[in-house]
**Q** 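Structure below; questions to follow.
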Amino acid sequence: MSEPTVIVDSLDVVYQVRGAAGRVTSPIAALGRMVRRPPRREVHAVRNVTFTAYEGQAIGLIGTNGSGKSTLLRTIAGLQPPRRGRVFTRGQPSFLGVNAALMRDLTGERNVVLGCLAMGMSPAETRAKYQEIVDFSGINEKGDFISLPMRTYSSGMAARLRFAIAAAKTHDVLIIDEALTTGDARFQKRSEDRVRELRRAAGTVFLVSHANRSIRDTCERAIWLESGEIRLDGPTDEVVDAYEAYTRKR
Amino acid sequence: MEAVQLARRHGLNLSGRRPGVGEYLRRLWDRRAFIVTFARAKVTASYASATLGSFWTVITPLVNAGVYYLIFGVLLGTDHGVTNFIAYLCTGVFVFHFTQQVAMAGTRSIADNLNLVRALHFPRASLPLALTLVQLQQLLAALAVLAAIVLVTGERLTWSWLLVVPVVALQTLFNAGLAMILARLAARTTDLKQLMPFVLRTWLYGSGVFYSLDNFIDDAPGPLAVLLNWNPMVAYIDLMRYALIESLPDARMPGHLWLSALVWALVAGLGGFLFFWQAEEEYGRE
């Protein structure tokens, strides 16, 4: 049995939405908010979830929109506090979200350097990895885009660069939230290879995607989440088949 | 088996837990290259669209000083008792401008970099510290201009100019602490950004930038006089003036200025760091 890298123990995540009851922006309403507490609604996004992930595993997370996948992953990454239960991880999990641009007004070049330094690489390591990251992202395939501000990138380009930066470092736990699906076919192939490499380096990779094919190709284990609860947890083919049957029925 | 025991046996940690102060300081030190590079990138980005580029670093405080000279020196005539009013006013404006800019940048430091905070894990104090560094660089450019102004208006270069170094060091420490305090407050209370200009303007008028506070302190009610006397900005501004302007008689310098400058720097620097660290795991959460 290999070593566990993530232990999720009876986890409940509830988040509060401020001003959920249709925010009125008139000054009188604003005064009213100062006197009364603003209306808050609670969303119970993850309910009593328990599982353990092991090193070398790639786990696909599936479920319909709003089933709590992203919330669960954000909690594993430590970006969202749990209401009940605990999450233990090896090292600091790295979270790759859909929100791709890091610093929009800076060039791709600067973003690569700053991203590497922020992840804790030394300036020498950053210089050594720089070209590799740019090549991996494929940003410069259609001309010199890396020296343009990141706000001029298409969302696919930004997501690719973002993934290339994060993938330059070996992570114990890497969480990818639909970042791969934005790239073109060639980039998807490259990133799937990179995910396999990370797994060989004893890392654990979580992948959220609505493209079931990409989950089948990269993950051998899948967890199906519905209304914040685990419906099924097991070998990818089994779980994805059940999920596909469920979505067809609806 | 219990999850906790399993986690402990395999060396897993609670996710999203805040590191201890020592560990946090170590991680911050490891990110020093990030802090410096981030500061440099911010300077380049902020002037990228202006034709005159980073020349604005120098122009902005100069224009500021010009406006205040017109109003306070020429129109209101608040220069009584100060022989070299232009040097006096410029020093005040430049030194205050440093803290003012750091305060504004600190307030926005988390909100303006949410993408970065949500995407990557790094000690969040890197952000207010980097922004303090940006402003320090601007101050150094402004000080070169200030030195020229002071010399042109008839002062001499003396040994006391060396005192500029400790004054800037203490003010920078104070500013870094202030930036971290405001960063945490603004991360929770977003309305602070709207409030800051008023707070800063009140502070400006109470810091003796355009006039010597000596003229007012004696008449001010007790608690207010204490507040004005121990205002950190009064200490940094007046110490800088006594360092640079020879025509200001040293004998008039109140003895508590160095003490005030030192205590404020330590209290704000240390307290600001601890205050910011206490909410480390919360920055960037919705």
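This structure is a prediction, so every number in the text was calculated from the model and none was measured. The chains referred to below are lettered A, B, ... by the order of the sequence lines, with proteins before strands, and numbering in each begins at 1.
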**Q** At a 4.5 Å cut-off on heavy atoms, which part of A:Thr75 comes close to chain B: side chain, backbone, both, or neither?
**A**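 For A:Thr75, the contact with chain B is made by the backbone alone.
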**Q** In the structure I gave you, are the side-chain heavy atoms of A:Met103 and B:Phe38 within less than 4.5 Å of one another anywhere?
**A**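 SC-SC contact between A:Met103 and B:Phe38 confirmed.
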**Q** Check whether more than 12 heavy atoms from other residues, nucleotides or ligands sit under 6.0 Å from atom CH2 of B:Trp277, and answer yes or no.
**A**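 Correct, the count exceeds 12.
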**Q** Can you tell which part of A:Thr5 gets under 4.5 Å to a heavy atom of chain B, answering side chain, backbone, both or neither?
**A**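 Contact with chain B involves the backbone of A:Thr5 alone.
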**Q** Look at A:Leu106, A:Leu114, A:Thr50 and state which one has the largest set of heavy-atom pairs under 4.5 Å with chain B.
**A**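 Top option by heavy-atom pairs under 4.5 Å: A:Leu114.
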**Q** What are the two closest non-hydrogen atoms of A:Phe88 and B:Ala7, and how far apart are they?
**A**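 Here A:Phe88 and B:Ala7 meet closest at CG-CB, 3.4 Å.
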**Q** Check whether B:Ser15 reaches the backbone of A:Gly78 with its side chain - one donor and one acceptor, N or O, closer than 3.5 Å.
**A**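 Checked: pair present.
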**Q** Could you tell me which portion of B:Asp30 (side chain, backbone, both or neither) has an atom closer than 4.5 angstrom to a non-hydrogen atom of chain A?
**A**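 It is neither, since no heavy atom gets under 4.5 Å.
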**Q** Does A:Arg84 CZ have over 12 foreign heavy atoms under 6.0 Å away?
**A**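 More than 12 heavy atoms, drawn from other residues, nucleotides or ligands, come within 6.0 Å of this atom.
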**Q** With only heavy atoms counted, which part of B:Ser126 is less than 4.5 Å from chain A, the side chain, the backbone, both or neither?
**A**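 Interface part for B:Ser126: neither.
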**Q** For A:Ile165, is it the side chain, the backbone, both, or neither that has a heavy atom closer than 4.5 Å to a heavy atom of chain B?
**A**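 No part of A:Ile165 comes within 4.5 Å of chain B.
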**Q** Should B:Thr44 and A:Arg110 count as side-chain neighbours, where that means a heavy-atom distance under 4.5 Å?
**A**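 Yes, close enough: below the 4.5 Å cut-off.
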**Q** Other residues, nucleotides and ligands only: do more than 12 of their heavy atoms fall within 6.0 Å of CZ on B:Arg18?
**A**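 Yes, CZ of B:Arg18 has more than 12 neighbouring heavy atoms, counting only those of other groups under 6.0 Å.
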**Q** Any idea which of B:Phe34, B:Tyr283, B:Phe122 has the most non-hydrogen atom pairs under 4.5 angstrom with chain A?
**A**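 Highest number of pairs under 4.5 Å: B:Phe34.
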**Q** For residues 101-110 of chain B, tabulate all N or O donor-acceptor pairs below 3.5 Å that involve a side-chain atom, not counting sequence neighbours.
**A**
residue	atom	partner	partner atom	Å
B:Thr107	OG1	B:Ala103	O	2.6
B:Ser109	OG	B:Gly106	O	2.8

**Q** With a 4.5 angstrom heavy-atom cut-off, could you sort out which part of A:Pro81 is near chain B: side chain, backbone, both or neither?
**A**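 Looking at A:Pro81, backbone and side chain both touch chain B.
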**Q** Under 6.0 Å from the CZ atom of A:Arg221, do we count more than 12 heavy atoms belonging to anything else shown?
**A**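 Atom CZ in A:Arg221 is crowded, with more than 12 foreign heavy atoms closer than 6.0 Å.
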**Q** Atom CD in A:Gln92, atom CZ in B:Arg27: separation rounded to 0.5 Å?
**A**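 Here the interatomic distance stands at 7.5 Å.
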**Q** Out of curiosity, B:Glu281 CD to A:Gln80 CD, how far, rounded to the nearest 0.5 Å?
**A**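 If I round to the nearest 0.5 Å, the distance is 13.0 Å.
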**Q** Could you have a look at A:Gly120, A:Ser122, A:Pro123, A:Pro93 and say which one has the most heavy-atom pairs with chain B under 4.5 angstrom?
**A**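 Top option by heavy-atom pairs under 4.5 Å: A:Gly120.
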**Q** Name all residues meeting the ring pair (Phe, Tyr, Trp, His ring centres under 6.0 Å) criterion together with A:Phe145; count only those two or more places apart in sequence or in a different chain, and write none if there are none.
**A**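 Partners of A:Phe145 by the ring pair (Phe, Tyr, Trp, His ring centres under 6.0 Å) criterion come out as none, since no residue qualifies.
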**Q** How close do A:Val6 and B:Leu12 get, heavy atom to heavy atom, and via which atoms?
**A**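 Between these two residues, the closest heavy atoms are N-CD1, 4.2 Å.
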